[in-house]
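Here is the structure we will look at.
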2 protein chains.
Amino acid sequence: MELLFKDLSAELKNRRIHPSYQRIKVLDYLNKNQCHPTVDQIFKDLQREIPTLSKSTIYNTLNLFLKSGLIKVINIENNDAHYDIITKNHGHFKCESCGKIFNFSIDLNTFTTEELSGFKIIDKNVYFKGICPRCL
Amino acid sequence: MELLFKDLSAELKNRRIHPSYQRIKVLDYLNKNQCHPTVDQIFKDLQREIPTLSKSTIYNTLNLFLKSGLIKVINIENNDAHYDIITKNHGHFKCESCGKIFNFSIDLNTFTTEELSGFKIIDKNVYFKGICPRCL
DNA sequence: TCGTTTTTTGTAATGATTATTAAATACTAT
DNA sequence: ATAGTATTTAATAATCATTACAAAAAACGA
């Protein structure tokens with residue numbers, strides 16, 4: 001646990017982010033819960049460990065992580081943003097029945113089109129929607 | 001104009017949607033403005049032609065069109081939804097500087113992965129973000 | 001034409017996100 | 001260490017897109 005804390009702290013320092021307790025806890029949560037949690041999910045779970053936690057801190061921290069490129073936001077639906085630790089290339093599938101979001105691996109590097117030759121591409125997202133096997 | 005009106009009316013009837021004046025106007029607007037307008041843009045522009053128009057009607061109509069598969073919603077950002085008449089397969093590029101959304105053609109049918117073999121895929125979206133040539 | 005259903009309109013309610021400000025904490029230099 | 005400064009957190013208010021709801025208007029059918 002102490003070692004893990006050091007690792008997370010170092011990861012934040014690399015990104016020029018001061019490793020406060022709350023920030024480390026959020027990063028830890030995102031590492032352990034790679035299930036595309038929403039702000040509410042992160043807040044509710046962490047609040048049990050940190051009773052004084054504020055939802056503003058979650059928003060601040062996530063926006064900070066976003067700007068520094070630590071995480072990605074998934075806007076697969078228009079009501080609630082989901083957050084994702086950046087790992088390898090993968091797409092997201094959202095089940096329209098149960099609402100769960102699934103990963104699937106996809107090589108985003110193959111997506112290049114001459115039409116965007118003059119564009120600077122910073123981020124690529126692939127979103128599928130449909131029904132998952134359990135709901136079918 | 002009269003003929004066009006009939007065409008739009010027929011298109012709605014095919015989808016079992018009663019072709020009211022407002023609905024035809026919204027469909028007409030989406031056909032003519034394939035620039036991914038937001039609700040506000042549609043509302044403001046059509047309000048000049050239809051002074052009594054309500055924004056609720058825009059929301060109602062767009063949701064109706066969505067359910068019947070006439071249009072698609074683009075959630076490339078979390079603040080404002082954009083709407084798109086369904087044409088051919090294409091992806092969307094959003095410039096993070098000027099906010100404009102560009103189309104680029106991409107064959108979504110090639111995106112199949114064994115990982116999703118048990119899933120029923122209804123909809124595929126490809127969103128890119130970056131900087132457009134004019135802003136570079 | 002009357003009664004019923006559908007559509008539109010306007011406003012209120014909801015809910016996620018941001019803005020703001022004060023309290024708490026961490027940091028620096030003497 | 002300590003005083004002073006900067007940063008971070010917390011709590012609440014404000015914003016804004018979207019939905020819910022109810023009444024007015026329009027369309028429809030017998």
Side-chain angles (χ1 to χ4, degrees), chain A residues 5 8-9 12-13 15-29 36-68 70-83 94 99 101, chain B residues 5 8-9 12-13 15-29 36-68 70-83 94 99 101:
Chain A
F5 236 73
L8 296 171
S9 184
L12 290 177
K13 279 182 194 159
R15 306 270 180 167
R16 311 289 165 105
I17 296 173
H18 183 82
S20 72
Y21 178 69
Q22 287 86 342
R23 286 169 182 166
I24 289 175
K25 280 308 222 177
V26 171
L27 184 59
D28 183 40
Y29 183 88
H36 325 95
T38 62
V39 169
D40 264 337
Q41 288 174 278
I42 301 169
F43 173 64
K44 281 183 184 168
D45 287 347
L46 286 183
Q47 203 183 25
R48 272 184 277 132
E49 282 185 77
I50 314 164
T52 63
L53 187 64
S54 162
K55 196 180 274 188
S56 301
T57 301
I58 305 296
Y59 276 104
N60 286 339
T61 303
L62 291 174
N63 285 332
L64 195 65
F65 288 0
L66 265 180
K67 270 194 292 186
S68 71
L70 263 176
I71 61 174
K72 278 185 72 168
V73 62
I74 306 174
N75 288 320
I76 203 167
E77 53 194 343
N78 66 347
N79 47 345
D80 242 327
H82 296 251
Y83 293 88
K94 183 185 179 201
I101 295 176
Chain B
F5 236 73
L8 296 170
S9 184
L12 290 177
K13 277 182 195 161
R15 304 272 180 165
R16 310 291 165 103
I17 297 173
H18 184 80
S20 72
Y21 179 69
Q22 287 87 342
R23 286 169 182 169
I24 288 173
K25 281 307 223 178
V26 171
L27 184 58
D28 182 41
Y29 183 90
H36 327 94
T38 62
V39 168
D40 265 337
Q41 288 174 277
I42 302 170
F43 173 64
K44 280 182 186 169
D45 288 346
L46 286 183
Q47 202 183 26
R48 273 184 276 133
E49 283 184 77
I50 314 165
T52 62
L53 187 65
S54 163
K55 195 179 275 188
S56 299
T57 301
I58 306 296
Y59 277 104
N60 287 338
T61 304
L62 290 174
N63 284 332
L64 195 64
F65 288 179
L66 265 180
K67 269 194 291 184
S68 69
L70 263 174
I71 62 175
K72 277 185 75 169
V73 63
I74 305 174
N75 287 320
I76 203 167
E77 52 195 344
N78 66 348
N79 47 345
D80 242 329
H82 297 252
Y83 293 88
K94 184 186 179 198
I101 295 176

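Below, read A as the first sequence line, B as the second, and so on, with proteins coming before strands; counting in each chain starts at 1.
Taking CZ of Phe43(B) as the start and OH of Tyr59(B) as the end, the distance is 10.5 Å to the nearest 0.5 Å.
Residues Leu12(B) and Leu70(B) have side chains in contact (heavy-atom distance under 4.5 Å, counting atoms from C-beta outward). In this structure the side chain of Leu53(B) reaches within 4.5 angstrom of the side chain of Ile58(B), judged on heavy atoms. No side-chain heavy atom of Phe65(A) sits under 4.5 Å from any side-chain heavy atom of Arg15(A).
To the nearest angstrom, P of dT7(D) lies 17 Å from CG of Leu12(A). Rounded to an integer number of Å, the gap from Ile24(A) CD1 to dA26(C) P is 12 Å. For the pair Ile17(B) CD1 and dT5(C) P, the interatomic distance rounds to 22 Å; values are reported in whole Å. One can place CG of Leu64(B) at 13 Å from P of dT19(D), the figure rounded to the nearest angstrom. Separating the CD1 atom of Ile58(B) from the P atom of dG10(C) is a distance of 12 Å, rounded to the nearest angstrom. Regarding Leu62(B), its CG atom lies at a distance of 12 Å from the P atom of dT8(C), rounded to whole Å. Summarising the geometry, the separation between CD on Glu77(B) and C1' on dA17(D) is reported as 12 Å, rounded to the nearest angstrom. Whole-Å rounding puts the Tyr21(B) OH to dA25(D) P distance at 19 Å.
Remark: side-chain polar atoms of Asp28(B) are not paired, donor with acceptor, to backbone N or O of Ile24(B) under 3.5 angstrom. The backbone N or O of Leu46(B) sits nowhere less than 3.5 Å from a side-chain atom of Glu49(B) that would complete a donor-acceptor pair.
Both Asn60(A) and Asn78(B) lie near DNA chain C, and the one whose nearest nucleotide falls closer to the 5' end is Asn78(B).
Closest contact between the side chain of His18(B) and the listed nucleotides dA17(D), dC28(D), dT9(D) involves dC28(D).
For residues 38-57 of chain A, proximity to DNA chain D is found at Thr52(A), Leu53(A), Ser54(A), Ser56(A), Thr57(A), defined as any non-hydrogen atom under 4.0 angstrom from a strand atom.
Test Ile71(B), Leu8(B), Thr61(B) against Leu27(B) for side-chain contact (heavy atoms from CB on, under 4.5 Å) and you get one pass: Leu8(B).
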Problem set entry | Pair Thr57(B)-Ile50(B), side chain to side chain contact (heavy atoms under 4.5 Å, CB included): steps then yes or no | CA-CA 12 Å; Thr57(B) 301; Ile50(B) 314 165; over 6 Å; no
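For dT25(C), neither phosphate oxygen OP1 nor OP2 lies less than 4.0 angstrom from any side-chain nitrogen or oxygen of Gln22(A). The phosphate of dT17(C) has OP1 or OP2 within less than 4.0 Å of a side-chain N or O from Tyr59(A). At dT9(D), one or more side-chain N or O atoms of Ser20(A) fall inside 4.0 Å of OP1 or OP2 (strictly under the cut-off). One finds no side-chain N or O of Asn79(B) lying less than 4.0 angstrom from the OP1 or OP2 phosphate oxygen of dC16(D).
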Let me check something: any side-chain donor-acceptor pairs from residues 74-83 of chain A under 3.5 Å, sequence neighbours excluded? List them with distances.
unit_1   : atom_1 : unit_2   : atom_2 : d
Glu77(A) : OE1    : Lys94(A) : NZ     : 2.4
Glu77(A) : OE2    : His82(A) : NE2    : 2.7
His82(A) : ND1    : His36(A) : O      : 2.7

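An end-to-end axis angle of 20° holds for the helix from dT1(C)-dA30(D) to dT30(C)-dA1(D), taken from five base pairs per end and rounded to 10°.
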